[in-house]
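Report on the structure given below.
Given the structure is predicted, the values throughout are model-derived calculations rather than measurements. Atoms within a ligand are numbered from 1 in the order they appear, just like the ligands themselves.
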Amino acid sequence: MTHKEIEQCVDALMEQMTLEEKIGQINQASPATVCTLPGVEADIDSWVTEMMEGKISEQKLQERLAMCEENLRLDELEAGEIGCFVNLYDDAKLAQVIAASKKSRLQIPLLVGVDVIRGYRTIFPTPLAMASAWNPKLHRKLVKTAKKEAIVSGVNWVLGPMLDVARDGRWGRIVESPGEDPYLASVIAKEMVEEYHADDGDGPMICTAKHFAAYGAASGGQDYNTVSISTRQLYETYLPPFRAAVDAGVDCVMSAFHDLNGIPCVCDKELLTDLLRDEMGFQGFVVSDTEAVKQCVSHGISGDEAEAAKMSLLAGNDVDMTSYDYRNYLKKLVEDGQLEEEVIHTAARRVLEKKLEYGLFDKEYVYDPEKIRKIVLSEEHRAIAREVARQTIVLLKNEDVLPVREKKRILVIGELADDKEALTGPWAFTGDSGKTVTIVEGLQKNAPEGTEISYVKGFGVHDSREGFAEALEKAENADFIVAVAGETAFMSGEAASRADLHLSGAQEEFLLKLAGIDVPIEPLYPFGYGLSYTTFQYSELEVLTPEIRLDSELNCRVKVKNTGDCFGEEIVQLYIHDKVAGCVRPVKELKRFMKIALQPGEQKECEFSLPAAELGYYDRSCNYVVEPGTFDLYIGSNSSEGLHMEFKLK
Ligand code: BGC
């Protein structure tokens, strides 16, 4: 369908729709919990708070929970009051919900959204780990697999990719992010959006860039906390991946929970309309984060939920995710003359346009449990996830220990080595940790004949030292020790920030005892750092264009040789530094990278080109400027080592 045809269809639909039905399109619901105890309203969050405050006993809480039932809101769906759904991961129930929406008067298909952060049922490494692989093709593999599994399960809208650049390790959601670098995050954003849109027999699929904007800059690394940053920082560090997603045609953007410089994102017109739509050129619809509309009241920016609904919609937040404030208040606001009906039309149109663009009116979802069973978590998908996982491993130190050669007795130590849930990790709600192969199981299954793998718990993530003695004694008799330390699944993720980045409990203490060291070591590694089993040598950096003009590009090349005796992969990184500029520039700025594979002794020549237009920055008034001058060029293995040359922009 052409855009014009889509618009005509939307016009025709809108003519038939009542105001309630239009509001329905911008109301995103999730299953409700109802309590069957007479006179008790289901409010699980407050019940838990009451229990924690000692107002009710744990037994009382359990009694109430036992009397709770899930309500799929089928009546509301049949009445056309819900246009979008979220957070339902049960395929059979999802099918019921979809069928109910098809019974509505105008049979407008439902947008069924779920969080796909690390895959749908087949769980991939965390996004932060995936970013560490510096291999955008892996993100495409994840999307392809997740898309297949989600579509067969009835999902047509993904709440991802998560594109929040994050530089504070304490922020729990850093694990869900593409990391600290705007350029790398932008490359990932582009690849993922393009792959969601690829029509490869399964897709294309609607996807969402989230959370707009600068959620990763939460003060003190505390989740949901206020964000106070300069506009320059916003433009330079936090917007680039969103720009890349918008340029790739992303369908939806999620407004974030927090307040950015004093205004909650969900009701910030300058952010959602002036910047996102008018300046960046976004053309899809904006969805709020969960209940973010009603949180305008908690932020103290709206007097009540009706005002919160009005402010958010007027700011450009099209869909209300599960506050139900649009459903509850928009009609009354129109009737009272406080809101133009046209504002609702604009938002509803944006949702309908996507439903038409993606052909949802023509594609009838057919629930087929057998087909779902065959596709989700298939051997093929698991093999892809395993291959991707291998590439995300980061080797920081290796004093002739790896790869493991001819070890007879390998001892694995640590509670986490045998913990399925911890391995599945945060943001894997759709996964099934029962299917995870633990580190001990994996080693036992794959160890070459003659190698004995034994396991002792020894230490956990908590403060117990009970198992130390036994593990240290067993360690004496092992040829090789694999000690597994880290975090459980819920020690990071949403609402799970950390104040202290050391390993929790007595983990560090055990590791030091094991290594026979008594001084804690706190290694810091530069951005881009990582070893392999071999060594690489960089030589003959050449700048082919020592002087470039604004309309031309820098061309350069470097030779990289595998100087060790193992096959290895190297990430060749190109950084620049603008030596004198109108604003202080980063000491090193990543501009290009390339992952190459080299056999022992093999050498490759790596060529890079970089248009002069990409050498600019945002000035004090946030205008993008490209200034003449001299630039440093570095090419190497990470942001602190590399060959150096200069070039000039005339
Ligand atoms: C998260 C979003 C997510 C939404 C729906 C929120 O708490 O911040 O990233 O899409 O829940 O599950």
Among protein heavy atoms, which lies nearest atom 11 (O) of ligand 1, and at what distance? Thr290 OG1, 2.9 Å
Test side-chain contact (heavy atoms from CB on, under 4.5 Å) applied to Ile108 and Met17, Glu21, Lys102, the passing residue: Met17
With atoms numbered from 1 as shown, which atoms in ligand 1 lie under 4.0 angstrom from a non-hydrogen atom of Asp289? 1 (C), 2 (C), 3 (C), 4 (C), 6 (C), 7 (O), 8 (O), 11 (O)
Identify the two heavy atoms, one from Glu70 and one from Pro31, that lie closest to each other, and give their separation to 0.1 Å. OE2-CB, 3.6 Å
Of all the non-hydrogen atoms in the protein, which one sits nearest to atom 12 (O) of ligand 1, and at what distance? Asp115 OD2, 2.4 Å
Among non-hydrogen protein atoms, atom 9 (O) of ligand 1 lies closest to His211 NE2, 2.6 Å
Residue and atom name of the nearest protein heavy atom (relative to atom 7 (O) of ligand 1), distance in Å to one decimal: Glu494 OE2, 2.8 Å
Could you label the plane-to-plane angle of the Tyr215 and His211 rings as parallel, tilted or perpendicular, counting under 30° as parallel and over 60° as perpendicular? perpendicular
Quick check on contacts: which atoms of ligand 1 are under 4.0 angstrom from a heavy atom of Phe257? 6 (C), 7 (O), 8 (O)
Quick test of your reading of the model: are Arg373 and Asp368 salt-bridged, counting only N-O distances below 4.0 Å? no
Please assess Glu176 against Arg173 for the test salt bridge (Lys or Arg N to Asp or Glu O under 4.0 Å), listing each intermediate value before the final yes or no. CA-CA 5 Å; Glu176 193 194 329; Arg173 295 192 85 165; 2.7 Å; yes
In ligand 1, the atoms that come under 4.0 Å of a heavy atom of Lys210 are 2 (C), 3 (C), 9 (O), 10 (O)
For Met254, state whether at least one heavy atom is located under 4.0 Å from any atom of ligand 1. yes
Asp223 side chain to His258 side chain, donor-acceptor N/O pair below 3.5 angstrom: no
The answer for which part of Arg173 has a heavy atom under 4.0 Å from ligand 1 is side chain
Do you see a donor-acceptor pair shorter than 3.5 Å between the side chains of Glu149 and Thr122? yes
